[in-house]
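Just follow the structure's listing: the first ligand is 1, and inside any ligand the first atom is 1. Numbering of residues begins at 1 and proceeds along the displayed sequence.
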Amino acid sequence: MPKFRHIVRTQDFKLDWLDRLFVQAAEAEAAIKDRRARATYRLDEWQMFELFYQPSTRTRTSFAAAMMRMGGQVIWTENAREFSSAAKGETPKDSIRSLDYADLIVVRHHEEGTVALMADQDVVPIVNAGDGPGQHPSQALLDLWTIKKERGCLEDLTIALMGDLKYGRTIHSLVYLLAKYEPKKLYFISSPDLALPDDIIAYLSRHGVSYELIDDVRLVAGEIDILYQTRVQKEYFKIAADYFRVASRQIIDNSIMRLLSDRARVMHPLPRVDEIDQEVDSDPRAAYFRQTRNGLFIRMALIRYVLGFWD
Ligand code: NCD
């Protein structure tokens with residue numbers, strides 16, 4: 001049993017814990033709305049470090065905003081590959097051991113598994129903010145809460161995940177969560193080069209989840225409750241020509257939106273390149289900016305969980 005609470009992979013979360021997280025997130029949302037988050041949560045004596053070895057807009061700032069809105073303090077290094085002692089050859093293990101005076105550390109790293117290794121040190125709570133093409137749990141939790149808010153439930157939904165299913169860490173984390181809610185059907189829409197990793201497919205089969213791999217969203221558009229589009233993760237392609245061959249194969253534009261039902265929602269973890277046409281943004285079914293906003297509240301709840309304020 002680890003001494004500290006770490007958030008590393010989504011397989012570990014239990015349904016009743018997810019319910020409690022959503023209650024905490026809704027309370028955080030209300031506290032922000034009433035401008036009483038600092039007075040309610042009083043984290044003045046708590047300090048969070050952010051160690052980001054890879055670029056980020058939303059994740060880093062929303063973790064920082066979450067902590068600061070609750071009165072806590074934040075210290076960060078962006079581009080830690082260059083600006084931290086990693087550039088001098090320090091191992092991630094040593095970096096974490098030297099930062100053990102933090103109350104929690106939020107880490108984004110370019111290699112899958114490194115954040116787990118840091119958590120294994122168990123010297124300070126670690127939150128995985130993305131580990132290479134591995135996982136991105138806080139994103140998947142905010143995605144799940146967004147689905148619940150937009151659709152009113154999480155069970156019995158038909159959810160299509162498309163784009164880069166191979167390197168997309170938000171997809172990996174989200175699929176494990178969706179599998180817990182007995183979806184009616186999961187569609188995985190990608191070219192064969194960007195298909196979901198075999199171990200995740202095997203997980204779905206083991207857990208009796210109904211899924212299908214297809215290559216064109218138009219085949220199933222009318223059935224879809226949630227369409228989750230993703231960016232092709234250019235940074236993991238060694239050869240540029242390979243990226244350009246598969247990039248933005250299927251774009252969501254108004255011609256696709258016309259095939260979706262009125263109650264369907266389109267989601268995207270962002271950043272978007274061109275895989276959702278900007279003409280879709282004004283459609284009320286485009287939920288991606290609402291989704292991003294939910295990140296602040298989920299991260300407030302997560303920080304407080306990791307610090308031991310709720311179970
Ligand atoms: C995602 C990521 O970093 O994995 N972004 C995010 O955190 N919202 C998705 C992406 O970069 O495409």
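Within ligand 1, the atoms closer than 4.0 Å to a non-hydrogen atom of H136 are 2 (C), 4 (O), 6 (C), 7 (O), numbered from 1 in the order shown. Less than 4.0 angstrom separates some heavy atom of R108 from each of these atoms of ligand 1: 3 (O), 7 (O). Distances below 4.0 Å separate heavy atoms of T59 from the following atoms of ligand 1: 6 (C), 7 (O). Close approach of ligand 1 to P269 (heavy-atom distance below 4.0 Å) involves ligand atoms 8 (N). Counting the atoms of ligand 1 from 1 in the order shown, those under 4.0 Å from a heavy atom of P271 are 5 (N), 10 (C), 11 (O).
When hydrogens are left out, the protein atom nearest atom 11 (O) of ligand 1 is R231 NH2, 2.9 Å; that is the closest non-hydrogen contact. Looking only at protein heavy atoms, the nearest one to atom 3 (O) of ligand 1 is R169 NH2, 2.9 Å. The protein heavy atom nearest to atom 9 (C) of ligand 1 is L270 O, 3.7 Å.
Residue contacts with ligand 1 leave out G130, since none of its heavy atoms falls under 4.0 Å from the ligand.
Ring centers of Y211 and Y187: at least 6.0 Å apart, outside the cut-off. Ring pair F49/Y101: centre-to-centre distance below 6.0 Å. Two rings, from F309 and W46, have their centers less than 6.0 Å apart. Aromatic pair H207/Y203: centroids less than 6.0 angstrom apart.
Residues Q11 and Q135 bring a donor and an acceptor atom of their side chains to less than 3.5 Å of each other. Side-chain contact check for T146 and N294: at least one donor-acceptor pair (N or O, by modelled atom type) lies under 3.5 Å.
No N or O atom of T170 sits closer than 3.5 Å to an N or O atom of ligand 1. Between E235 and ligand 1, no N or O atom pair is found at a separation short of 3.5 Å.
Between Y288 and H268, the two ring planes are perpendicular [angle over 60°; tilted spans 30° to 60°].
Neither the backbone nor the side chain of Q54 comes within contact range of ligand 1; no heavy atom lies under 4.0 Å.
Remark: R263 engages no residue in a salt bridge (charged side-chain N to carboxylate O under 4.0 Å, His left out) (not counting sequence neighbours).
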